[in-house]
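Lettering of chains follows the sequences in order, A, B, ..., and the numbering in each one begins at 1. Because only heavy atoms are used, hydrogens play no part in the values below, and waters and symmetry mates are left out as well, while side chains stay in. Predicted model, so just to flag it, every value in this text is computed and none were measured.
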Number of protein chains: 2
Amino acid sequence: MSTAPTRALEHPEREEIRLEAVLHALSDPMRLQVVRFLAELGEEGEAPCSAIELAISKSTTTHHFRVLREAGVINQVYRGTAKMNALRRDDLDALFPGLLDSVLGADAAQRQRTD
Amino acid sequence: MSTAPTRALEHPEREEIRLEAVLHALSDPMRLQVVRFLAELGEEGEAPCSAIELAISKSTTTHHFRVLREAGVINQVYRGTAKMNALRRDDLDALFPGLLDSVLGADAAQRQRTD
DNA sequence: CCCGTACTACGATGTTTATCGTAGTAGGAG
DNA sequence: CTCCTACTACGATAAACATCGTAGTACGGG
């Protein structure tokens, strides 16, 4: 009925994003992998959940995306049947300058070391 | 007897420190408070567990210090009856350049905002 | 209207975590 | 040796978390 703008998803406002929640969200390998993937898409990059191949089930994937969204790390919007995901780089950089980049850098470095 | 150097504590080597573990260790408010405290002591700063007033019981405090130590965030040594704690800044900076500083900066910023 | 794709909600399970209190050990001071 | 201080180990508990499978809903295309 009417023009229901596709049901909306709960996101914390920029000011509501908590450092502890962000660190917790990033402290899981699966979620870090998602963030790395989104970061590699560049500035405006967005991707459906299905674009990221994780070695876990669909329902668990949904769970991890939700953790990331609720922590304020990613933005999720319904676009037709897909759900597009994007890093909230602007918000994170504004709140915690340099944090995201050093985490991504640390991850890349560790990955290279451990390879 | 001989010169038993007071019983030793398990610490990960520099190369064994995992980013995920560090992020997880830092994602708890109590532990972040400990790290902030130690960071404020400066380069060579070290302090006994009892120097940090946490709003939790002694046994829980012990637990958090252990999590930090096992993640490679702090170094603990017995010094007489006390157990001295120090940030492993050198190791962290070498492995994850900028990470610790941006977390501490982010924490300070958030604290100022939320005050 | 029916179907397929994409994602979710729910309920279950096993693991980890934060927390505590009590009882203990280790080391320095008397 | 005795006592005090500092910290730990253990056992318990309640909450949170990662994971799954099944059953469902939302949307676009035929």
Side-chain angles (χ1 to χ4, degrees), chain A residues 1-11 18 20-35 37-38 46-71 73-86, chain B residues 1-11 18 20-35 37-38 46-71 73-86:
Chain A
M1 316 84 163
S2 72
T3 37
T6 337
R7 117 215 73 152
L9 289 160
E10 284 278 305
H11 287 81
R18 303 280 316 168
E20 301 89 330
V22 171
L23 293 176
H24 177 245
L26 297 177
S27 73
D28 180 279
M30 293 300 175
R31 292 193 292 258
L32 200 47
Q33 188 177 339
V34 170
V35 170
F37 181 91
L38 293 176
E46 60 177 20
C49 297
S50 51
I52 306 171
E53 288 291 325
L54 295 176
I56 53 179
S57 77
K58 286 297 182 82
S59 20
T60 306
T61 303
T62 298
H63 161 71
H64 285 308
F65 273 97
R66 174 156 41 171
V67 172
L68 287 168
R69 186 188 73 234
E70 292 180 347
V73 176
I74 66 172
N75 199 285
Q76 297 190 292
V77 297
Y78 283 104
R79 180 111 62 221
T81 148
K83 188 188 202 172
M84 303 304 280
N85 304 276
Chain B
M1 293 102 177
S2 70
T3 37
T6 337
R7 118 214 73 154
L9 289 159
E10 282 280 305
H11 288 80
R18 301 283 314 169
E20 301 88 332
V22 171
L23 292 177
H24 177 246
L26 297 178
S27 72
D28 180 279
M30 294 299 176
R31 293 193 291 259
L32 200 47
Q33 187 177 339
V34 170
V35 170
F37 180 91
L38 293 176
E46 61 176 21
C49 298
S50 50
I52 306 171
E53 288 291 325
L54 295 177
I56 52 179
S57 78
K58 285 299 182 84
S59 18
T60 306
T61 302
T62 298
H63 162 72
H64 285 307
F65 273 98
R66 174 157 41 170
V67 172
L68 286 169
R69 186 188 74 234
E70 290 178 348
V73 176
I74 65 172
N75 199 286
Q76 299 190 290
V77 298
Y78 284 103
R79 180 109 65 221
T81 150
K83 189 188 202 170
M84 302 304 279
N85 303 277

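- Between Ser57(B) and dC20(C) there is a side-chain polar atom (N or O) within less than 4.0 angstrom of OP1 or OP2.
- Side chain of Arg31(B) to backbone of Ala25(B): a donor-acceptor contact under 3.5 angstrom is found.
- In this structure, the NZ atom of Lys58(B) is 16 Å from the P atom of dT19(C), given to the nearest Å.
- Protein atom NE2 of His63(B) is 15 Å distant from nucleotide atom C1' of dG11(D), rounded to whole Å.
- Of the candidates dC20(C), dA18(D), dC7(D), the closest approach to any side-chain atom of Ala82(B) belongs to dC7(D).
- Rounding to whole angstrom units, CE of residue Met30(B) and P of dT17(C) are separated by 17 Å.
- Side-chain N/O atoms of Thr60(B) and Ser57(B) include a donor and acceptor closer than 3.5 Å.
- Residue Thr62(A) places none of its side-chain N or O atoms closer than 4.0 Å to OP1 or OP2 of dC7(C).
- Looking at Arg69(A), its side chain does come within 3.5 Å of a backbone N or O of Glu10(A) through a donor-acceptor pair.
- Remark: C1' of dC7(C) and CE of Met84(A) are 13 Å apart, rounded to the nearest angstrom.
- The CZ-C1' distance, from Phe65(A) to dA6(C), rounds to 12 Å in whole Å.
- Remark: the backbone N or O of Leu9(A) is paired with a side-chain donor or acceptor of His11(A) at under 3.5 angstrom.
- Of the candidates dT22(D), dC7(C), dT19(D), dC7(C) carries the atom nearest the Tyr78(A) side chain, counting heavy atoms from C-beta on.
- When the side-chain nitrogen and oxygen atoms of His64(B) are compared with OP1 and OP2 of dT19(C), one or more of them lie within a distance under 4.0 Å.
- Whole-Å rounding puts the Asp28(B) CG to dC17(D) P distance at 11 Å.
- Among the nucleotides dA18(D), dA9(C), dA18(C), the one closest to any side-chain atom of Arg66(A) is dA9(C).
- The separation between Asn85(B) atom CG and dA6(D) atom P is 14 Å, rounded to whole Å.
- Ser50(B) comes within contact range of the sugar-phosphate backbone alone, with a heavy-atom separation under 4.0 Å but no base atom that close.
- Summarising the geometry, the separation between CG on Leu54(B) and C1' on dA18(C) is reported as 13 Å, rounded to the nearest angstrom.
- The shortest distance between the side-chain N/O atoms of Arg79(A) and the OP1/OP2 oxygens of dA6(C) is not below 4.0 Å.
- Residue-to-nucleotide contacts include no donor-acceptor pair under 3.5 Å from the side chain of Thr81(B) to the base of dG28(C).
- Atom NE2 of His64(B) is separated from atom OG of Ser59(B) by 10.5 Å, given to the nearest 0.5 angstrom.
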